[in-house]
Number of protein chains: 2
Amino acid sequence: MTGIRRLAQHLDISIGTVSRALNGRPDVNEETRRRVLEAASELGYVPNQSGRSLRQGTTNIIGFMMQTGTEITGQGDTFFMSVFDGVQTVFARHRLDLVALLCSSSEDPDDYLRRVVARGFADGLILSATQRHDPRFEFLAKQKIPFVTLGRSLTDVGQPWLDLDFEGMAQVSIDRLVARGHRRIAVTRPHDDINLGHLFIDRSASALAAHGLALDPDLVFSSLPNEAGGYHVAQQLLAMKERPTAILLVNETIAIGFYRGLSEAGLKPGRDIAIIGRHSPQSHFLSPSLTGFTLSRRDLGIALAEALLATMPAFSHFYPDAELRKVWKEELVEGESDAFTLAT
Amino acid sequence: MTGIRRLAQHLDISIGTVSRALNGRPDVNEETRRRVLEAASELGYVPNQSGRSLRQGTTNIIGFMMQTGTEITGQGDTFFMSVFDGVQTVFARHRLDLVALLCSSSEDPDDYLRRVVARGFADGLILSATQRHDPRFEFLAKQKIPFVTLGRSLTDVGQPWLDLDFEGMAQVSIDRLVARGHRRIAVTRPHDDINLGHLFIDRSASALAAHGLALDPDLVFSSLPNEAGGYHVAQQLLAMKERPTAILLVNETIAIGFYRGLSEAGLKPGRDIAIIGRHSPQSHFLSPSLTGFTLSRRDLGIALAEALLATMPAFSHFYPDAELRKVWKEELVEGESDAFTLAT
DNA sequence: CATAGTACCGTAAACGTTTACGGTCGTCAG
DNA sequence: CTGACGACCGTAAACGTTTACGGTACTATG
C-alpha cells in the first residue's frame, strides 16, 4: 500500500477525500482537511508527480531555456543566473518547479526544443537568446504551449516578450556624448543574429543623424560579449589611424577587457576617451568608475515569470494586469569614464 | 484515441506489440518493428513521459544541482556551464534528459533538494558546491537515489566524487616558487565551507614546511571567487608593511581583479611579484600572461556523468571501469606572471 | 411532517504507458 | 503422428493520481 492510498487507509477515509483535502477543494470538512494535512506531513507523504501529470495532463514544470557557451547571447552567464533567480521566486509561489534547460552549444536549439516539447516536459517555457528570425516561435505556437521570450525577434506569433532598452540607451548615450563635443563616436554591437543589436545600431545612427552626424561604419565593432571581446575591440580601435573619441560598450562584460586593452597602451578611460557602458556586478570595481546603464536583473526575471503566467489559463487570474510586452528601461549611473570632453 | 493506442490502431496491431517494438524488446518480429518505427515517426508519436514514469517508476531525468549566486562555489558560472556541457553529451547517449536545478541563493539548498527528491523528480543527481560537512549526502543515501558530487566533503556516504587537485597545485606551486627564491608566499583560499580550501591550505603549509618554511597566517587571504575578490586581495596585500613576494591565486576568476589592483598601484605581475593562478577562458587575455593551471572542464563533466551512470543499475554495465573517485589533475601552463625571482 | 437544499464523502473511471502471462501457430525431432 | 519448443503477439493488470457523479445525513423551510 503506497502513496495516497496508504495515507487514506491510515486515516480511515477514502482516497478521494484525501486528494480533495490536499488540493484545497472546497467540498471537504475543515476538520478533515486538518487531519489529512497533519497526517501527510507526519508520514512525509508527497503526491507522486507522474501520477498527477498523467491524470491532469500538466507537469508543473516550467523550463527556462538557455544556451551553454555565451558567445552569442550577449550577456555573461551571471546575467542569466540573476534573472533566473527572479523567475524562480515567482514560480515558487505557485508551486511550480523551474528548471534550466541548457542547450549544449554543439546542438541545434531548434532540435533541442523540439525534443523537450515532444516529451511533454514543461507546461510553459521561457526562451532566451532569441534569434532575429527564430523558428522556435512558430513551433511553440503551433503546439499551443505557452512561452515568453527574453528578447524581441522579427518573428512574432503574439507571445509576450520582455527586452532590454538598447534603443533608449543609444539615444541617451549619443545625445550625452554629442553634447560633450564628441563627433567620432564608436559603438559595439552584439552578434548579428540578435535583433536587439540591429535596433541599437539603427537608433544610434538616427540619434546621430538628429545632430547632423553620420555613423561611420568603421566605428561599428562586432564583439564577443565577454572580456576577450572587449579586449579585442580595444586593440582594433587603437590600431586605427583616426581614433574615435568616444565609444558605447553595449555588452555588459566587455568593459573589463576594454579597460585592460586601453591601459596596456597607456590610455585612460575618461581622460583619453569617453566610455559609456553597462553595469554588471563586476563593473563596479573598474577604475576609473564606469558611466553606464544598470538594471535589476532580478526584477526582470520576476516580470518575465509574471508575463508567462498571465498567458497560462490556470494562472492568468493572478496577474490580470501583467505587462505582456515591455522594454526594460535601464538607469544611467554616472561615473568617470565619460568625463572626457571636447571643445565644441 | 490518443498516444500509443492510436498508433496501434493505425497499424492494426496491439498496443503491447507497439510498446515492445519501440522499446527494443527482442520478442518482436523485425519486420513489425520496422513498420512501427516508421509509423511512429510518420505520425510524430512520442511516448508520454508521465505514463512511462508512472509505470516504470523512473523519470529519465538527471538533475544537476547548482546554486545561483556564485559567492560560495569558488568558480565563476562559466565553469559550470562548461562542465554541464560535458555531462550533457554523455547523458544524451542514453536518452536521458539533463536539467539544471538552480537553487536560489535565498533558499536553503538542503530544503530545495528535499523538495526535488520528494517529488520524485530525478533518477539521479549531480551535486556541486558541496560543503565541508554536507547534510544532503546522508539524505540522498537514505533515499537511495544515486548521486555524484563535484567536490569532496568530510561527509562520506560512499558516493562517487570528482574533485580538483588543489593539493597537487599547492605542492607544485610552492616548490616552484621556493626554488625561485621566494620565502614569503601568500595564498588565497575559497570559502571556509569548501573542503577543498582546507586541503589546499594544509598542503601549502606542509609543502612550505618541507623547505623549512612556515605559512604566515597573515598571508592567507580569504577571497570571494570573482573579480571583486581578487581586487580586494590586491588592496589588502598592497596595504601590508611587509609584502609577500609571491602569491597563489587558487580561484579561477580572481586573477583578473588582482591584476587590476596591482596595476593601479603601478606594480606589474612577474616583475614586482610572482603569481601562479588558474586559467579560465578569460585569463588568456591577461597581460603579462598568467602562469597557471588549466583543465578541460568538459572532460570533467564527462567523467562526472560516467561516474554517476556507473552507480545506476540500469546503466552500470555501460561503464564497467569508470573511475568513481578521482582528483582531477590540472596542467601547469607557464606564463610570465611568475618570472619574478629572488636571489637565494 | 414533507421537501428541498446543503455539506460532505465514497466510488470508480480515466490518464498513457509497460510487462507478466498466456495463447497461437508453425517447425522439428522422435 | 505427437510433443516439445520457439517465435511472435494479444490481453489485461498495474503504476498513483484527480475528478465527475452519486449517495447519505443533516438542516432549514414551508
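Below, each value reflects all heavy atoms present in this structure, side chains not excepted, and no hydrogens, waters or symmetry copies. Throughout, protein chains are lettered first and strands after them, A, B, ... in sequence-line order, and every chain is numbered starting at 1.
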Rounded to whole angstroms, how far apart are [atom1] on [X] and [atom2] on [N]?
{"X": "B/E30", "N": "D/dC8", "atom1": "CD", "atom2": "P", "value": "8 Å"}
{"X": "B/I13", "N": "C/dG23", "atom1": "CD1", "atom2": "P", "value": "22 Å"}
{"X": "A/R35", "N": "C/dC8", "atom1": "CZ", "atom2": "C1'", "value": "14 Å"}
{"X": "A/D12", "N": "C/dG10", "atom1": "CG", "atom2": "C1'", "value": "12 Å"}

**Prompt:** Which heavy atom in B/F137 sits nearest to a heavy atom in B/S153, and how many Å separate them?
**Reply:** CE2-CB, 3.6 Å
**Prompt:** Is A/Q88 reaching over with its side chain to a backbone N or O of B/S104, donor-acceptor style, under 3.5 angstrom?
**Reply:**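 The answer is yes, because a donor-acceptor pair under 3.5 Å joins these two groups.
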**Prompt:** Under 3.5 Å, side chain of A/T89 to main-chain N/O of A/G86, donor-acceptor pair present?
**Reply:** yes
**Item:** Between B/S53 and B/S50: side-chain donor-acceptor atoms closer than 3.5 Å
**Value:**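 There is no such pair (donor and acceptor under 3.5 Å, judged by atom type) between the side chains of B/S53 and B/S50.
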**Asked** Can you name the one residue among A/V148, A/T149, A/V87 that meets side-chain contact (heavy atoms from CB on, under 4.5 Å) with A/L308?
**Response**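 Single pass found, and it is A/V148.
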**Request:** Kindly state each residue pair satisfying salt bridge (Lys or Arg N to Asp or Glu O under 4.0 Å) with at least one member in residues 150-162 of chain A, sequence neighbours excluded.
**Result:**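 Salt bridge (Lys or Arg N to Asp or Glu O under 4.0 Å) check on residues 150-162 of chain A returns A/R152-A/D163, A/R152-A/E167, A/D156-A/R325.
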**Touch class at under 4.0 angstrom, heavy-atom based, for A/T32 against every strand present** = sugar-phosphate
**Asked** Does A/R114 make a cation-pi contact with A/F139 (under 6.0 Å, within 45 degrees of the axis)?
**Response**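 Yes, A/R114 sits over the ring of A/F139.
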**Asked** So how far off straight is the helix from C/dC1-D/dG30 to C/dG30-D/dC1, going by the axes through five pairs at either end, to 10°?
**Response** 50°
**Prompt:** What is the ring orientation for A/H94 with A/Y319, classed by angle as parallel under 30°, tilted 30 to 60°, or perpendicular over 60°?
**Reply:** perpendicular
**Request:** List the protein contact pattern of nucleotides 15-27 of chain D with one symbol per nucleotide (5' to 3'): B for base contact, S for sugar-phosphate-only contact, - for none; contact means a heavy-atom distance under 4.0 Å.
**Result:** BBBBBB-------
